[in-house]
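Structure first, then comments.
Heavy-atom basis, side chains included; hydrogens, waters and symmetry copies ignored.
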Amino acid sequence: MSLHDHPLELLAPARDADIGIEAVNHGADAIYIGGPSFGARTSADNSVSEIRRLVRHAHRFNSRVFVTMNTILRDDELESARKLAWQLYDAGVDALIVQDMGLLNIDLPPIQLHASTQTDIRTPEKARFLQDVGLSQIVLARELTLEQIRAVRQQTDCTLEFFVHGALCVAYSGQCYISHAHTGRSANRGDCSQACRLPYQVMDAAGRFVAHDKHVLSMKDNNQSDNLAALVDAGIRSFKIEGRYKDMGYVKNITAHYRTLLDALIEERQGSAYPLSRASSGTTCFSFTPDPNQNFNREFTDYFVQGRKEDIGAFDTPKNPGQAIGFVTKVGPDWVELETTSAQTILHNGDGLCYYDLQKELVGLAINRAEPANAHSVGLWRVYPKDPMAGFKDLRKGVEVNRNRDSTWVRALDKKSSDRRIAVWASLDETPQGFALTLTDEDGTTATATLAAAKEVAKHPEQAQASLRENLAKFGNTVFELATAPEHITLNLSQPWFVPASLINPLRRDAVEQLEAARLAAYTRPARSAPVQPPVAYPEDTLSYLANVYNAKARDFYAQHGVKVIAAAYESQEEEGEVSLMITKHCVRFSMSLCPKQAKGVTGVQGTVKAEPLTLVNGKDKLTLRFDCKPCEMHVVGRIRPSVLQNSPTAHHGTPMRFYRTRPHT
C-alpha cells in the first residue's frame, strides 16, 4: 500500500458526549470515548444512549466514533463485554479499541477493531501480526522514532495511528504494574494510581543520594506540532490527542490547534504528486486562536520521535508551571506587586499564578483581584491573592512568576467557539406544478424538495432574482453553508418569476432536512478486517506476565497462533517475587548524565556515583532500577505488597488464573 492511500484523521478524546460533540465541531475526524464499562478510565464512563447521541452528531460530518473496550478482562466479564459490544454496534459506533485478545475469540458484532495503546506495538512483527488477526487500525508506541515508524509502515497496510499531544506514560503502555503491586489498582484495568508522578529519592549502590525529592519518572507532555509532516511521510495517518480525563476547554483548544496544522499541511500538499485529504467532511472556523500553552501542561517534549533527548522529564514538578510573565517587585501585607515582561500582558481577576520556592517546589497563587499598580507605569500590577500572604513560602522581590490559568481564555472557551459547515450547491428548477430545490453537498449527496405554487411573472426581474438568491442562501444554524465556488446557486427558470420568501423559506428548510437524512442514510461504517487464514504465528512462542493474558479466551487465542508457553497476567498475582514492574525507554541515568555512553566515572554531589543498581525511594516503597543498554531501556523492579496479595482476584471472583502458567498448547 502506498503511503498516500489514507486521508489524514484527527482523533480527539472525549470524557463525555458533550465534549465529543464539541470535538467534532472543532474539527475532529474521529472521537474516542469510553462506554459504560471496560474503558480503561474508571471515571470516564458513558451510557450507550449518550454514545448514540454523539454518534448521530459525528456522522453528520462523516466523523467516526470509536469506543474504548481496552481493559484486560476476567473470565466472568467476557459475556458482559460481548453484550456491550453488540449494544455499541447497534448504537452506530464505528470501531472498538481493544487490548484483550480474548475479545477476538468471542462472538463480536461485525464492527471494526482497533489496537489500543496498551497492546504495546514497538516492532514491525507485532504490528503485522495484529493486522493479520483482524485489527484495522493500530496505535504505535509513543517511544518510536521516525525510522522505526517507517519500518512498521513497510510491513503493514492497515491504518497507523500515533499520539501527537497530551500526557505521556513513562512506561511502554501496558507494561506498567507498579500501581497494582503497591495498591491493587491495575493500570491495565483502567485504575492507575500514577506512581510515576510521585517524588523519589534516587540512591546509588552505596546508599548515597543522587537526587532528592525529584519526580524522576514524570515526563513532560507530548507535543508533535513540529513533526506532523515528518510523521505523515513516515506513514502515520491517524493523529491522536491524549485526554479522556481532560475538560471541554482542553479538547476544544487542542483539537482546533491540530485541525489548523493538518489543514495547512493538506493545503500545502495539494499541488504535489501525493496530495493529502481530510478524513471527514466540512470546514471549521474558530472564534479564538488555538494555543496549546493555555491548557494544563508539564511543558512539552516531542519525546523520541527525533531520537533520544535529555530534556524529556518534568522532574521538578508534575504540576502545570504555566508561562513566565514577569517578576515580583514588592510584597505587601495582602498584595504582591508584579512587573510583567510584556506590556501586552493583562492580569485578570481569577487568574492563576505560580512560582518556584527555594526547594524548587511549585507554589500556586490564585488572584482574587488584579489592578494596575501605577497609572504611569505600564506593565506594573498589584494583585491581591485569594489566600493569606503568610502561606506563600519564599515569595520575595525578584522571584519569577508564571501564569498557569488565564481566566479570560477559560471564559472564552466556555462559550460557542467554533462553527463547522458542509459546503452545498443549490439549484432551483421550475416544474409543471411549481418549483423544485436540489441541494448537492461536497460529498456528492443530493436531496430535492418540491413546492406546488402558481407562477407569477416578476414585475422587477433583477430584484426578484436577487431576492431568490438571498433567501436560498439562508442556511442559518444548520450544518450547511453555500460553497464559495462560482455557480453555487443555479436558477434554471424559463423567465424571472416572483417567488415570495414565505414560500422559498419552507422549501429550503425541507431540502435541508432531506439532505441531512440522505447523508445519514448514505453513511457507511468501515468494514471489519477479516483475519488471515490459516491463523498466522505470533512472533514469539513464549509469553510472560508482560503479555497481560487474564482469561481463558485470551490464552486460547495465543495458543491458536502458535504460542506454547503462556504465563498469566501480573494481575493474577502469581509473580510474588521481584519482577519488572515498569519497562520504559526513559533512562534515569541518561537524564542525570550518568550513562556510561555519556561519560565514565561521573562525579556526583557526594563523589563518584556507582550507577547500578540505583534505587528509587518514596516513603516505605523501594524500587530498583536496572538498565538494559542493548535496547536502551530501563526496568523498574519491585515486588507486590503483601496487603495486595491478601486481596487476590481469586478470593473475590473465584477465577483461577494459575492454570495459564507455563502450560504448553497441544
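- Side-chain contact check for Asn62 and Ser280: no donor-acceptor pair (N or O, by modelled atom type) lies under 3.5 Å.
- The distance from the CD atom of Glu77 to the CZ atom of Arg82 is 15.0 Å, given to the nearest 0.5 Å.
- A donor atom on one side chain and an acceptor atom on the other are not found under 3.5 Å apart for Asn320 and Asn404.
- Side-chain polar atoms of Asp120 and Ser173 form no donor-acceptor pair below 3.5 angstrom.
- Residue-environment remark: NZ (Lys83) stays at or below the threshold of 12 foreign heavy atoms within 6.0 Å.
- Among residues two or more places apart in sequence or in another chain, the salt bridge (Lys or Arg N to Asp or Glu O under 4.0 Å) test is passed with Glu9 by Arg64.
- Here the closest heavy-atom approach between residue Leu54 and residue Gly20 is recorded as CD1-C, 3.5 Å.
- By the ring pair (Phe, Tyr, Trp, His ring centres under 6.0 Å) test, Tyr250 pairs with no residue at all, sequence neighbours left out.
- Checked by atom type and distance alone, the side chain of Asn25 never pairs as donor or acceptor with a backbone atom of Ser418 at under 3.5 Å.
- Within a 6.0 Å radius of CD in Glu79, other residues, nucleotides and ligands contribute more than 12 heavy atoms.
- Rounding to the nearest 0.5 Å places CD of Glu430 at 11.0 Å from CG of Leu491.
- Annotation: cation-pi geometry not satisfied between Arg269 and Tyr274 (NZ/CZ under 6.0 angstrom from ring centroid, within 45° of ring axis).
- If you check the side chains of Gln87 and Asp90, you find no donor sitting under 3.5 Å from an acceptor.
- To the nearest 0.5 Å, the span separating CG on Asp233 from CZ on Arg153 amounts to 13.0 Å.
- Residues Asp94 and His59 bring a donor and an acceptor atom of their side chains to less than 3.5 Å of each other.
- Relative orientation of the Trp86 and Tyr89 rings is perpendicular, given thresholds of 30° and 60° on the angle between their planes.
- Around the CD atom of Gln270, the shell of radius 6.0 Å holds more than 12 heavy atoms that belong to other residues, nucleotides or ligands.
- Atom CG of Asp226 is surrounded by 12 or fewer heavy atoms from other residues, nucleotides or ligands within 6.0 Å.
- Side chain of Thr478 to main chain of Phe480: a donor-acceptor pair is present (N/O by atom type, distance under 3.5 Å, no hydrogens or angles).
- Remark: Asn46 CG to Asp18 CG distance equals 9.5 Å, nearest 0.5 Å.
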Inset, instruction - Might you work through the ring-ring contact (aromatic ring centres under 6.0 Å, His included) test for Phe300 and His165, ending with a clear yes or no? - result: CA-CA 9 Å; Phe300 291 120; His165 201 93; 5.3 Å; yes
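- Residues Thr260 and Pro290 approach most closely at OG1-CG, 4.2 Å, considering heavy atoms.
- At most 12 heavy atoms of other shown residues, nucleotides or ligands fall within 6.0 angstrom of atom CD in Glu462.
- For Glu267, the CD atom is loosely surrounded, since the number of other residues' heavy atoms within 6.0 Å does not exceed 12.
- For the residue pair Gln294 and Asn253, no side-chain donor N or O sits within less than 3.5 Å of a side-chain acceptor on the partner.
- Donor-acceptor pairing under 3.5 Å is recorded for the side chains of Asp429 and Ser427.
- Side-chain polar atoms of Thr438 and Thr448 form a donor-acceptor pair below 3.5 angstrom.
- The aromatic rings of Phe288 and Trp409 stand perpendicular to each other, their planes meeting at an angle above 60°, with 30° marking the opposite boundary.
- Between Tyr32 and His114, the ring center distance fails the sub-6.0 Å criterion.
- Inspection of the Arg528 and Ser136 side chains reveals no N or O donor paired with an N or O acceptor under 3.5 Å.
- Expressed to the nearest 0.5 Å, how far CG of Asp351 lies from CZ of Arg369 amounts to 14.5 Å.
- Taking the ring pair (Phe, Tyr, Trp, His ring centres under 6.0 Å) definition, one finds that His488 meets it with nothing, sequence neighbours left out.
- Annotation: cation-pi pair Lys455/Phe435 present, NZ/CZ under 6.0 Å from the ring centroid and within 45° of its normal.
- Looking only at atom types and distance, the side chain of Asn223 has a donor-acceptor partner in the side chain of Ser225 under 3.5 Å away.
- Between the side chain of Thr71 and the backbone N or O of Leu73 there is no donor-acceptor pair closer than 3.5 Å.
- Neither side chain, Glu299 nor Asn297, offers a donor N or O lying under 3.5 Å from an acceptor on the other.
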